[in-house]
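Values reported hereafter were calculated over all heavy atoms of this structure, with side chains retained and with hydrogens, waters and symmetry mates removed. Residue numbers start from 1 in every chain, and the chains themselves are labelled A, B, ... in the order their sequence lines are given, proteins ahead of strands.
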2 protein chains.
Amino acid sequence: MEIDGKSWKILQAIQADGRISLTELAAKVALSVPAASERLKRLEEAGVVWGYRALVSAEAVGYDVMALVGMTTAQPDKARLIAQLQSMPEVLECLHVTGQDSFILRVVTRNIRHLEQFVGSINHFGETRTSIVMSAPIALRPLAPPGGE
Amino acid sequence: MEIDGKSWKILQAIQADGRISLTELAAKVALSVPAASERLKRLEEAGVVWGYRALVSAEAVGYDVMALVGMTTAQPDKARLIAQLQSMPEVLECLHVTGQDSFILRVVTRNIRHLEQFVGSINHFGETRTSIVMSAPIALRPLAPPGGE
DNA sequence: CCTGAAAGATGTCCGTT
DNA sequence: AACGGACATCTTTCAGG
């Protein structure tokens with residue numbers, strides 16, 4: 001799918017505010033409401049926009065610790081590991097990556113003790129390297145056009 | 001702020017669908033529309049909900065490579081590094097962490113060549129360790145109640 | 001593919017319980 | 001704090017350029 005300048009403006013607007021009304025959206029991209037609506041629907045149907053989420057503060061709901069956990073896991077254990085991670089609400093994300101780690105997990109826990117307990121519950125799958133997040137100098141930025149093609 | 005069962009239902013619903021209407025939301029949590037609306041507004045004002053985002057597929061818009069880049073950076077360079085990263089649209093996220101790495105970046109690039117170029121443009125700030133994301137067995141899961149308190 | 005207007009649905013603001 | 005109704009706004013759909 002090709003995405004022209006106006007569709008990119010739409011993408012940027014709905015990434016900045018996922019609950020923006022079509023009326024506002026249309027105004028921002030200098031289009032009529034039905035035109036903006038159709039473009040957005042097309043983007044959704046093509047899978048360019050694959051969902052809308054409210055962003056909830058982990059801290060505000062009682063998760064005081066966020067961490068990234070890298071794991072080195074033997075091939076035959078991977079499927080079981082993923083199955084277990086899926087049942088653990090502390091795991092917000094699990095990426096299968098190249099390099100020293102097999103997986104990198106994004107985890108939230110109530111406190112350090114809870115983090116220790118979490119790591120203990122998975123480290124029989126392999127070595128873990130835990131990095132506690134102290135701050136997020138750049139947090140979850142919207143995608144911009146790739147440009148220089 | 002205290003979050004009771006109904007507010008948690010609201011949080012889960014808007015994390016699952018950030019564009020859900022108040023009418024649907026109210027039905028899901030067995031509340032009237034104004035009641036649901038007020039609770040949601042309170043959650044927003046308290047910073048529990050700090051935004052709404054459309055999720056855009058990096059692949060669909062021309063970013064074929066996602067990677068995590070760990071950096072070891074000397075203290076005096078950190079501020080300049082962050083400033084530079086902020087001006088680079090490839091950087092979706094930058095976390096300041098404990099452990100071997102000073103920062104871990106989430107980066108998207110058009111292709112491997114573009115990734116190499118990106119890493120080259122920042123590696124004078126310190127050593128980098130790049131992990132290319134092959135797949136996301138668990139992608140961006142909503143927050144669940146911490147429970148066992 | 002965009003525009004403009006109408007009908008249906010939705011969000012907000014009341015007063016009330 | 002939550003409910004129900006009235007009004008303003010928004011979304012969707014349709015005809016037309």
Contacts of His114(A) meeting ring pair (Phe, Tyr, Trp, His ring centres under 6.0 Å) (sequence neighbours excluded), chain-then-number -> none
Hits for side-chain hydrogen bond (donor to acceptor under 3.5 Å, both in side chains) against Arg129(A), two or more places apart or cross-chain, chain-then-number order -> Thr72(A), Asp101(A)
Applying side-chain hydrogen bond (donor to acceptor under 3.5 Å, both in side chains) to Lys9(B) and not counting sequence neighbours gives none
With sequence neighbours left out, the residues meeting side-chain hydrogen bond (donor to acceptor under 3.5 Å, both in side chains) with Asp77(B) are Arg80(B)
Per-nt protein contacts along nucleotides 1-17 of chain D (heavy atom under 4.0 Å; B base, S backbone sugar-phosphate only, - none) come out as -SBB-----SSBB----
Residues at least two apart in sequence or cross-chain that pass ring pair (Phe, Tyr, Trp, His ring centres under 6.0 Å) with Phe118(B), listed by chain then number, are none
